[in-house]
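As the structure is a computational prediction, the values presented were derived from the model and not from experiment.
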Amino acid sequence: MSKAEIRWAELNDCNDLGVVHLESYRAAYKGIIPEDFLNNIKLEDRVYYFENVLKTSAKKTALIAIENSIIGCAEIGQSVDDDLDASFVEIFAIYLVKEHSGKGFGKQLLEWVLSNMTERGYRNASLWVLKENINAIKFYENLDFVFDGSERAIERGKSLVQLRFRKAL
């Protein structure tokens, strides 16, 4: 496996983050989210999103790169779920470009992020994953995340169900 660099994202990373997010989002949700919805996501919107998050949000964005080429990203922050206390950090998103999936980079990125969050005083982590995204569920379960029984509906061109997973850090 190639040596990967993991670090917090900066404003000059926004275009690359937009590309990575767009490509990996479409690949991850192909066959789950309607194709029309996926095709209507615009790169400019993704770039603007990351610029906004990095400038104004309490969320943090980490990236993983190989030879200065960004291959994945993760977005984390204080959990926004009403039933979880301030000890919970939430993983809002983690994406890896398809050609680097299954090679351990996602695990490296998530472990780096969670290690940083432990240093900041978080004791637990949570995340939401689409019920139909079996690959992601297996990924999280392999990293000791456990479904906590919570479900919620979201709309992405059709009604979908998300499941919440948690783990102690």
Side-chain angles (χ1 to χ4, degrees), residues 1-33 38 41-79 87-130 133-147 162-169:
M1 180 167 61
S2 302
K3 178 86 170 107
E5 172 197 10
I6 303 174
R7 63 176 172 81
W8 295 115
E10 300 169 358
L11 277 174
N12 63 346
D13 296 316
C14 289
N15 193 66
D16 291 338
L17 288 168
V19 170
V20 165
H21 184 269
L22 183 63
E23 289 178 9
S24 57
Y25 191 91
R26 285 178 175 163
Y29 299 122
K30 185 175 180 66
I32 297 173
I33 293 176
L38 294 174
I41 302 170
K42 304 284 183 257
L43 176 58
E44 312 82 68
D45 295 338
R46 296 288 75 213
V47 172
Y48 174 77
Y49 171 80
F50 282 107
E51 288 172 350
N52 192 45
V53 165
L54 292 176
K55 286 179 185 175
T56 65
S57 177
K59 293 179 185 176
K60 305 253 323 152
T61 301
L63 61 82
I64 185 167
I66 298 174
E67 297 173 3
N68 296 319
S69 179
I70 298 173
I71 62 164
C73 61
E75 189 177 332
I76 53 92
Q78 177 70 50
S79 174
S87 73
F88 278 87
V89 64
E90 185 168 343
I91 296 115
F92 295 104
I94 181 167
Y95 291 103
L96 203 63
V97 293
K98 190 172 184 169
E99 69 233 38
H100 293 289
S101 290
K103 298 178 181 176
F105 294 116
K107 179 181 178 185
Q108 280 184 331
L109 178 58
L110 189 57
E111 287 177 344
W112 185 88
V113 165
L114 293 177
S115 173
N116 272 272
M117 292 302 100
T118 303
E119 292 170 11
R120 292 169 190 237
Y122 290 101
R123 295 184 316 278
N124 300 288
S126 68
L127 57 88
W128 291 91
V129 62
L130 289 177
N133 195 344
I134 304 305
N135 290 335
I137 290 171
K138 287 179 186 173
F139 171 75
Y140 295 125
E141 287 176 338
N142 285 336
L143 294 171
D144 300 323
F145 281 86
V146 177
F147 174 53
Q162 288 184 317
L163 309 175
R164 186 171 65 190
F165 284 73
R166 304 192 310 191
K167 80 179 254 179
L169 299 179

pair E75-Y95: side-chain heavy atoms closer than 4.5 Å: no
Under 3.5 Å: donor-acceptor pair, side chain of S115, backbone of E111: no
Heavy-atom closest contact (G18 atom, L43 atom, distance): C-CD1, 3.5 Å
Side chain to side chain contact (heavy atoms under 4.5 Å, CB included) partner of F139, chosen from N135, N142, L143: L143
N/O donor-acceptor pair under 3.5 Å between S69 side chain and A65 backbone: no
Non-hydrogen side-chain atoms of F145 and I137 separated by less than 4.5 Å: no
Carboxylate-amine/guanidinium contact K3 E5, below 4.0 Å: no
N12 CG: over 12 foreign heavy atoms closer than 6.0 Å: yes
Partner set under ring pair (Phe, Tyr, Trp, His ring centres under 6.0 Å) for F165, not counting sequence neighbours: F147
Step-by-step side-chain contact (heavy atoms from CB on, under 4.5 Å) determination, Q78 to M117: CA-CA 10 Å; Q78 177 70 50; M117 292 302 100; over 6 Å; no
Heavy-atom pair with the smallest gap, counting every atom of V113 and A74: CG2-CB, 4.2 Å
Distance in Å, R46 CZ paired with L17 CG, rounded so as to fall on 0.5 Å steps: 10.5 Å
Nearest heavy atoms of T61 and W8, plus distance in Å: O-CE3, 3.4 Å
Donor-acceptor contact present, side-chain K103 to main-chain E99, <3.5 Å: yes
For the student: nearest non-hydrogen atoms of L127 and I91, plus distance: CB-O, 3.5 Å
Verdict with reasoning, D13 to I70, per side-chain contact (heavy atoms from CB on, under 4.5 Å): CA-CA 8 Å; D13 296 316; I70 298 173; 4.0 Å; yes
For Y122 against V89, the heavy-atom pair lying closest together: CD2-N, 3.4 Å
Residue pair N124 / S87: nearest heavy atoms and the distance that separates them: ND2-OG, 2.9 Å
Side chain to side chain, Q162 and L130, heavy atoms closer than 4.5 Å: yes
Euclidean distance, S126 OG relative to F92 CZ, rounded to 0.5 Å: 7.5 Å
Validation row: L63, I6 side chains within 4.5 angstrom (heavy atoms): no
Nearest-0.5 Å distance, CH2 of residue W128 to CG of residue L163: 8.0 Å
Note, E90 side chain near I76 side chain (heavy atom, < 4.5 Å): no
Any side-chain heavy-atom pair of I64 and L96 under 4.5 Å: yes
Ring geometry between F105 and H100 (parallel below 30°, tilted from 30 to 60°, perpendicular above 60°): perpendicular
Side-chain ion pair, R166 and D144, N-O less than 4.0 Å: no
Gap between atom CG of D16 and atom CD1 of I71 - 0.5 Å precision: 12.5 Å
Heavy-atom side-chain proximity of Y140 to V129 below 4.5 angstrom: yes
CG-SG distance between L54 and C14, expressed to the nearest 0.5 angstrom: 4.5 Å
Atom pair NZ (K138) and CG (N133), whose distance is rounded to the nearest 0.5 Å: 11.0 Å
